[in-house]
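The next block holds one structure in the form of structure tokens; read it before the comments.
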There are 2 protein chains.
Amino acid sequence: MSITYREVKADILRQITQGELAPGSSMPNEVDLAASYGCARATVNRAMRELADDGIIERRRKAGTRVRLNPIRQVRLNIPIVGQEIEELGAAYRYALVHGQAEPAPNWLRARMALKRDDRVLHLTCMHYADGAPYQHEDRWINLDALPEAEQHDFSDIGPNEWLVSTVPFTEAQISFHAVQADATIADYLDCTEGDALFQAERMTWLEGQTITFVQLTYRRGHRLTMQY
Amino acid sequence: MSITYREVKADILRQITQGELAPGSSMPNEVDLAASYGCARATVNRAMRELADDGIIERRRKAGTRVRLNPIRQVRLNIPIVGQEIEELGAAYRYALVHGQAEPAPNWLRARMALKRDDRVLHLTCMHYADGAPYQHEDRWINLDALPEAEQHDFSDIGPNEWLVSTVPFTEAQISFHAVQADATIADYLDCTEGDALFQAERMTWLEGQTITFVQLTYRRGHRLTMQY
DNA sequence: TTACGCCTTATGTCTATATCTTTTGAGAAA
DNA sequence: TTTCTCAAAAGATATAGACATAAGGCGTAA
């Protein structure tokens with residue numbers, strides 16, 4: 001077999017990391033590289049395309065390909081379902097519905113979810129436990145105008161997140177991470193002290209332009225979101 | 001021109017999101033799809049490969065391709081240099097070196113960075129300002145065994161991060177995000193109240209197995225890390 | 001019944017060639 | 001000098017055909 005695109009990619013990457021190809025310098029074109037590797041241009045193309053995708057090199061038609069001055073550092077973050085997250089830690093997962101009620105959307109939420117004047121929402125409060133200890137507190141609002149069937153659904157056994165991903169699997173979302181101080185309620189749920197710094201994720205989800213759900217996920221004290229790159 | 005791989009990809013994605021292809025169901029093979037789209041197999045292959053990469057479908061040789069039961073939700077997070085991050089906010093960036101000193105590595109750091117018994121580190125404390133207001137506090141340790149030239153370098157004008165990405169551009173790293181309570185020192189630097197919940201990133205960087213640097217980046221009160229997917 | 005091994009099949013990848021698209025840079029025009 | 005236009009260059013993508021590889025499944029042997 002001839003040389004593979006992986007080998008080409010690895011070789012180019014080696015040249016870059018070992019300094020044979022300096023950051024900012026431009027590279028030979030695909031035709032020449034294909035000739036020097038003794039392979040087809042498509043093979044070189046795939047290698048280069050992936051390197052560009054990885055943020056290592058920059059490609060522009062006619063201008064050619066050059067090694068990025070500052071390689072883009074990027075990580076892929078998998079957004080897990082909390083149950084899977086806990087089970088991957090090797091802990092037993094338990095879910096509890098604390099509170100669930102359909103209600104008119106409060107003003108702050110109406111603005112945030114871009115709801116109409118008299119839209120109703122289903123407000124759910126849930127807890128997720130790892131080996132019996134509080135792991136995550138979930139405060140969720142579901143737009144009943146977009147998902148009226150949510151009102152009939154019983155969330156005592158399966159969490160709203162799991163129900164949502166199976167009901168409306170292909171949505172757009174925005175997620176944001178930040179730090180909050182535990183108030184008395186949260187401190188009680190998460191078994192920590194009022195004022196403790198907690199890691200919180202907020203997620204807003206849309207389907208075809210319509211807001212489906214907004215959720216605040218507050219993690220137990222000391223939680224870390226870790227990634228390799 | 002014939003149909004593009006983007007069109008094929010878009011069409012398959014449409015079929016999935018609109019429920020024509022149910023989650024968990026298996027799809028026709030590449031040859032059949034190519035025939036039905038009236039294009040080459042390579043075109044279908046690229047569309048399917050990207051969908052698999054996006055976590056929408058699952059592919060296995062011989063077994064074929066099926067729509068994932070639970071599509072993997074993933075985001076790409078670009079790790080920015082703080083200066084760029086601030087300038088992208090449209091604010092003026094200012095950097096200040098607070099403190100810099102070479103010293104023997106303290107025990108906790110030795111363990112964390114996997115340093116040898118008598119390795120020395122350069123401990124740098126810096127501040128990053130956006131439009132004059134504190135934005136980020138940086139507490140950094142550089143392994144002088146791995147990067148002795150750091151000791152001679154003057155960090156009063158350019159931050160250690162910028163120096164590092166230009167000196168050792170291609171490294172491996174682990175990054176983790178969490179929440180911390182501001183202690184008196186940090187509160188003073190970041191102009192907030194002691195006990196405030198702050199968003200903190202920790203990053204450890206390696207080059208060929210050797211630990212290069214460890215950094216704690218503490219953001220001003222209210223900082224959010226936001227992503228779309 | 002169970003375990004091993006081969007055959008078939010679907011995806012993975014390479015080749016060679018062709019056309020399309022974007023963008024640069026040169027030359028013409030103002 | 002500046003602006004506009006256009007051709008060439010390089011990457012982006014399509015095609016047809018071939019072979020490689022992994023793995024499901026069936027048949028055979030223990």
Side-chain angles (χ1 to χ4, degrees), chain A residues 1-16 20-72 74 76, chain B residues 1-16 20-69 71-72 76:
Chain A
M1 178 46 120
S2 163
I3 196 171
T4 70
Y5 83 92
R6 287 167 189 277
E7 290 170 312
V8 173
K9 184 180 176 183
D11 186 68
I12 295 174
L13 195 55
R14 182 194 56 75
Q15 288 185 45
I16 293 174
E20 288 171 43
L21 280 169
S25 67
S26 67
M27 302 177 54
N29 67 38
E30 292 188 351
V31 176
D32 293 350
L33 276 174
S36 76
Y37 283 112
C39 67
R41 189 164 83 94
T43 306
V44 171
N45 179 274
R46 178 147 184 206
M48 304 269 272
R49 182 153 40 80
E50 291 199 358
L51 285 169
D53 207 50
D54 294 344
I56 308 289
I57 62 178
E58 252 175 330
R59 318 195 77 193
R60 265 170 37 238
R61 281 165 164 151
K62 161 80 180 172
T65 303
R66 51 183 52 221
V67 183
R68 286 192 92 101
L69 229 22
N70 297 119
I72 294 184
Q74 51 187 2
R76 267 191 171 183
Chain B
M1 177 50 113
S2 162
I3 198 170
T4 69
Y5 83 91
R6 288 167 188 278
E7 291 172 311
V8 173
K9 184 180 176 184
D11 187 68
I12 295 173
L13 194 56
R14 182 193 57 74
Q15 288 185 45
I16 294 174
E20 288 171 41
L21 281 170
S25 67
S26 68
M27 301 177 53
N29 67 38
E30 292 189 349
V31 176
D32 294 349
L33 275 174
S36 75
Y37 283 112
C39 67
R41 186 166 79 95
T43 305
V44 170
N45 180 272
R46 176 143 185 210
M48 305 265 274
R49 182 153 40 81
E50 291 199 0
L51 285 169
D53 207 50
D54 294 344
I56 308 289
I57 61 178
E58 254 176 329
R59 321 195 74 195
R60 264 168 40 235
R61 277 166 168 157
K62 163 75 184 174
T65 303
R66 52 183 54 222
V67 183
R68 287 192 89 102
L69 229 23
I72 295 183
R76 267 190 168 180

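Since the structure is predicted, the reported quantities are computational estimates derived from the model, not experimental observations. Numbers restart at 1 for each chain; the letters A, B, ... are given by sequence-line order, proteins then strands.
- The shortest heavy-atom contact between B:P71 and B:L69 is CD-O, 3.6 Å.
- Summarising the geometry, the separation between CD on A:E58 and P on D:dG11 is reported as 13 Å, rounded to the nearest angstrom.
- In this structure the side chain of B:R14 reaches within 4.5 angstrom of the side chain of B:E20, judged on heavy atoms.
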Between the protein and nucleotides 22-24 of chain D, which nitrogen or oxygen pairs are less than 3.5 angstrom apart?
from: D:dA22; atom 1: O4'; to: B:R61; atom 2: NH1; distance (Å): 3.3
from: D:dG24; atom 1: OP1; to: B:R60; atom 2: NH2; distance (Å): 2.8

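- Sorted by residue number, the members of residues 28-39 of chain A with any non-hydrogen atom under 4.0 Å from DNA chain D read A:N29, A:E30.
- Scanning all heavy atoms of the two residues, the minimum distance from A:C39 to A:V8 falls at SG-CG2, 4.5 Å.
- Distance OG1/A:T65 to CD1/A:I12: 9.0 Å, rounded to 0.5 Å.
- For the residue pair B:S26 and B:R66, the shortest heavy atom distance occurs at CA-CB, 3.7 Å.
- What you find for A:P28 and A:D32 is that their closest heavy atoms are CB-CB, 4.3 Å.
- The structure places CG of A:L51 at 6.0 Å from CG of A:L13, a figure rounded to the nearest 0.5 Å.
- Against DNA chain D, the stretch residues 42-57 of chain A makes heavy-atom approaches under 4.0 Å through A:N45.
- Nucleotide D:dT21 holds its P atom 14 Å from the OH atom of A:Y5, rounded to whole Å.
- Exactly one residue among B:T43, B:T4, B:D54 makes a side-chain hydrogen bond (donor to acceptor under 3.5 Å, both in side chains) with B:K9. That residue is B:D54.
- As a whole-Å value, the separation of A:K9 NZ from C:dC14 P is 12 Å.
- Here the P atom of nucleotide C:dA16 and the CD1 atom of A:I3 are 14 Å apart, to the nearest Å.
- Here the rule is side chain to side chain contact (heavy atoms under 4.5 Å, CB included) with B:I57, and of B:R49, B:E50, B:M27 only B:M27 fits it.
- Between A:T65 and D:dA10 there is no side-chain N or O to OP1 or OP2 distance below 4.0 Å.
- Annotation: side chain of B:N45 is in contact with side chain of B:R59 (closest heavy-atom distance under 4.5 Å).
- Looking only at distances, no side-chain donor or acceptor of B:R68 sits under 3.5 Å from a matching main-chain atom of B:I56.
- Residue A:R41 contributes atom CZ, which lies 11 Å from atom P of D:dT13 at whole-angstrom precision.
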